[in-house]
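I have placed the structure first, in the form of structure tokens, so that the comments after it can refer back to it.
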Amino acid sequence: MADLVFRGATVVDGTGTPRFVGDVTVSGGRIDEIGARRLTGRRVVDASGLVLSPGFVDMHAHSDLALLTDPEHVAKVSQGVTCEVLGQDGLSYAPVDDVTLPQVRQATAGWNGDPPGFDWNWQSIGEYLDRLDRGIAVNACYLVPQGSVRMLVMGWENRPPTTAELDRQREHVAAGMRQGAVGMSSGLTYVPGMYASDEELVELCRVVAGFGGFYAPHHRSYGAGALEAYAAMIDVARRSGCALHLTHATLNFRINQGRAPELLGLLDAALADGLDLTLDTYPYLPGSTSLAALLPSWAAEGGPETTLARLRDPAALARIRQVLEQEGSDGCHGVPVEWETIRISGTRDREAVGRTVAQLAAASGQAPFEVYRRLLLNDRLSTTITQLVGNEENVRAIMRHPAHTGGSDGLMGAEQPHPRAWGTFPRYLGHYVRELGVLGLEECVARLTSRPARRLGLVGRGRIAPGYHADLVLFDPQTVSDRATFEEPRRTPVGIPRVYVGGVAVIAEGRHTGALAGRALRRTVEGTR
């Protein structure tokens with residue numbers, strides 16, 4: 001007899017094929033039988049009127065620290081997420097050494113927080129994955145963060161690597177892949193990763209390709225020059241022979257309004273030419289990052305302490321202001337900053353949270369740039385923001401592309417984080433499927449389950465099929481909805497009563513059970529787990 005049976009579920013199996021009503025049984029953490037007849041099990045869940053689908057895969061997560069400090073991870077598992085991809089945007093906590101760990105912690109404090117007294121007892125990627133295996137609510141994959149690798153070898157220097165330094169970077173990437181990483185990420189508007197040339201990236205991607213992994217770049221611009229930046233990443237993938245996954249593949253700022261067809265044409269041409277290409281997006285208009293990310297790259301050269309010193313130097317400040325407000329910083333995607341679009345989401349000054357830089361400037365009588373400078377100094381560069389720069393028609397057009405998958409890009413550390421950290425997947429199902437009809441339900445579920453699982457090389461995951469891991473979500477297609485808002489970003493969704501990881505109920509009747517059934521999913525030489 002099976003351990004568990006879902007009775008009378010509307011099965012959306014993750015393949016994109018039409019739904020059907022039937023019973024599904026689970027035994028030993030895997031799906032056992034699927035049938036229209038009445039199946040039996042020790043525990044029966046009445047799934048009448050509910051959709052049973054594979055668990056959702058968050059292709060772009062920033063839970064690297066949150067999974068360890070709060071392993072129940074209500075933010076994601078309450079959405080039906082059963083697997084996250086960490087190590088994003090070229091900056092994460094492995095590989096590191098005693099010198100670079102404090103620097104990475106400071107550089108990502110706005111994204112992830114930096115809790116006092118936390119036990120940083122790893123340095124390698126393998127050791128970090130071992131730490132995840134102690135107990136987490138959802139499964140996790142990891143990308144080798146190219147910026148962290150460059151920092152480990154070259155510090156914060158803006159120059160090409162020597163032959164020996166490039167070899168050392170290759171060695172670190174290879175070690176991370178051998179230890180279980182699924183690919184490599186870059187943050188090419190973040191230092192120090194952005195100091196790498198495309199040639200350097202090609203060399204590292206060749207290593208990733210040799211292990212069957214993929215490259216996930218946050219490329220050099222989502223604003224002015226965005227299409228050229230996308231084209232450059234396609235060229236890197238083509239020259240290196242590496243599969244490509246375009247991270248939060250948006251076209252932002254007014255300069256790109258209505259230009260999604262140009263991007264999709266570029267992607268279609270690459271796919272027709274044989275490139276292995278996928279992408280992810282989040283279903284919101286505002287973006288989210290750190291306030292320091294807007295700085296021109298030269299202002300961040302040398303590391304956080306040098307950057308802070310420049311923010312106190314009148315000559316450097318005059319140059320920074322000119323670039324930010326008049327020319328368009330490479331950190332701000334080549335677009336002159338519009339202070340009314342920069343909303344503070346995390347800072348030591350609690351009164352500033354939820355207000356734009358322009359609003360803070362008007363209230364204080366200071367110039368917006370001075371407010372910007374003060375926040376960075378007071379927070380030691382850890383201020384986080386949401387940036388109101390998206391275009392709805394671009395979001396919908398890119399979402400329809402067949403290479404599309406879902407990613408939250410949810411930063412977990414701010415006082416008032418972007419609601420996508422708590423709402424991305426029910427927002428897809430509720431707003432974009434049920435309310436707008438941008439995607440059909442079966443197609444949307446495939447983009448959130450089997451297709452990202454295939455990109456990650458997850459064997460036996462992402463579908464409802466006999467022998468597959470029982471990572472499952474039960475949701476009500478008529479009521480599933482996100483409730484997280486910019487004012488109340490930590491509200492859990494409705495309409496998702498049950499979530500299972502490896503056949504273990506992590507969410508039951510809409511509440512966390514306390515189960516920590518997830519683990520690190522490592523790529524092996526054979527491509528299995």
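Starting from 1, each residue takes its place in the sequence as its number.
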More than 12 heavy atoms of other residues, nucleotides or ligands under 6.0 Å from [atom1] of [X]: yes or no?
X      : atom1 : value
Arg42  : CZ    : yes
Arg511 : CZ    : no
Asp97  : CG    : yes

Chi angles and distances behind the side-chain contact (heavy atoms from CB on, under 4.5 Å) call for Ser63, Leu86: CA-CA 7 Å; Ser63 305; Leu86 313 176; 4.0 Å; yes

Without swapping roles, check the side chain of [X] against the backbone of [Y] for a donor-acceptor pair under 3.5 Å.
X      : Y      : value
Asp280 : His248 : yes
Ser185 : Gly90  : yes
Ser290 : Ala293 : yes
Asp58  : His60  : yes
Thr513 : Ala505 : yes
Trp422 : Glu488 : no
Gln88  : Met59  : yes
Asn139 : Ala520 : no
Gln79  : Ala421 : yes
Arg498 : Leu472 : no

Derivation and outcome, salt bridge (charged side-chain N to carboxylate O under 4.0 Å, His left out), residues Asp46 and Arg7: CA-CA 5 Å; Asp46 182 2; Arg7 176 69 44 75; over 6 Å; no

Minimum side-chain heavy-atom gap [X]-[Y] below 4.5 Å:
X      : Y      : answer
Tyr468 : Asp13  : no
Leu285 : Leu388 : no
Gln146 : Leu201 : yes
Tyr142 : Asp64  : yes
His245 : Thr405 : yes
Leu67  : Val138 : yes
Leu68  : Phe118 : yes
Arg519 : Ile136 : no

Criterion side chain to side chain donor-acceptor pair (under 3.5 Å) on Ser186 and Tyr215, from CA distance to verdict: CA-CA 8 Å; Ser186 287; Tyr215 181 41; 2.8 Å; yes

Trp122 and Trp120 aromatic ring geometry - parallel, tilted or perpendicular at 30°/60° bounds: tilted

[X] to [Y] - nearest heavy-atom pair and separation:
X      : Y      : result
Val104 : Ser92  : CG1-O, 3.3 Å
Met194 : Arg220 : O-NH1, 3.2 Å
Pro466 : Asp32  : CB-O, 3.6 Å
Val26  : Gly503 : CG1-CA, 4.2 Å
Tyr282 : Gly287 : OH-CA, 3.6 Å
Gly126 : Arg522 : O-NH2, 4.1 Å

Judged by modelled atom types alone, do [X] and [Y] share a side-chain donor-acceptor pair under 3.5 Å?
X      : Y      : result
Tyr93  : Thr108 : yes
His62  : Asn112 : no
Thr347 : Asp349 : no
Asp409 : His418 : no
Ser345 : Thr384 : yes
Tyr428 : Thr281 : yes

Quick one: do [X] and [Y] make a salt bridge, cutoff under 4.0 Å?
X      : Y      : value
Asp482 : Arg420 : no
Arg178 : Glu171 : no
Glu415 : Arg490 : no

Between atom [atom1] of [X] and atom [atom2] of [Y], what is the distance when rounded to the nearest 0.5 Å?
X      : Y      : atom1 : atom2 : value
Leu377 : Thr383 : CG    : OG1   : 9.5 Å
Arg451 : Arg455 : CZ    : CZ    : 13.0 Å
Leu456 : Leu521 : CG    : CG    : 8.5 Å
Ile344 : Arg355 : CD1   : CZ    : 10.5 Å
Leu516 : Asp133 : CG    : CG    : 12.0 Å
Cys83  : Arg461 : SG    : CZ    : 7.5 Å

Salt bridge (Lys or Arg N to Asp or Glu O under 4.0 Å) partners of residues 111-127, not counting sequence neighbours, each pair once: Arg105-Asp114

Residues Val77, His512; criterion side-chain contact (heavy atoms from CB on, under 4.5 Å); working and verdict: CA-CA 8 Å; Val77 74; His512 205 296; 3.7 Å; yes

Thr189 and Tyr222: CA distance, side-chain angles, deciding distance, side chain to side chain donor-acceptor pair (under 3.5 Å) verdict: CA-CA 9 Å; Thr189 65; Tyr222 292 84; over 6 Å; no

Check: His404 ring centre within less than 6.0 Å of Tyr432 ring centre: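 Between His404 and Tyr432, the centre distance exceeds or equals 6.0 Å.
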
Glu442 vs Thr17, side-chain contact (heavy atoms from CB on, under 4.5 Å): CA-CA, chis, key distance, verdict: CA-CA 6 Å; Glu442 288 89 347; Thr17 56; over 6 Å; no

Trace of the side-chain contact (heavy atoms from CB on, under 4.5 Å) decision for Arg380 with Glu305: CA-CA 9 Å; Arg380 292 184 57 79; Glu305 294 305 322; 2.2 Å; yes

For Phe475, all residues meeting ring pair (Phe, Tyr, Trp, His ring centres under 6.0 Å), sequence neighbours excluded: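 Ring pair (Phe, Tyr, Trp, His ring centres under 6.0 Å) list for Phe475, sorted by chain: empty.
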
Arg168: partners by salt bridge (Lys or Arg N to Asp or Glu O under 4.0 Å), with sequence neighbours left out: none

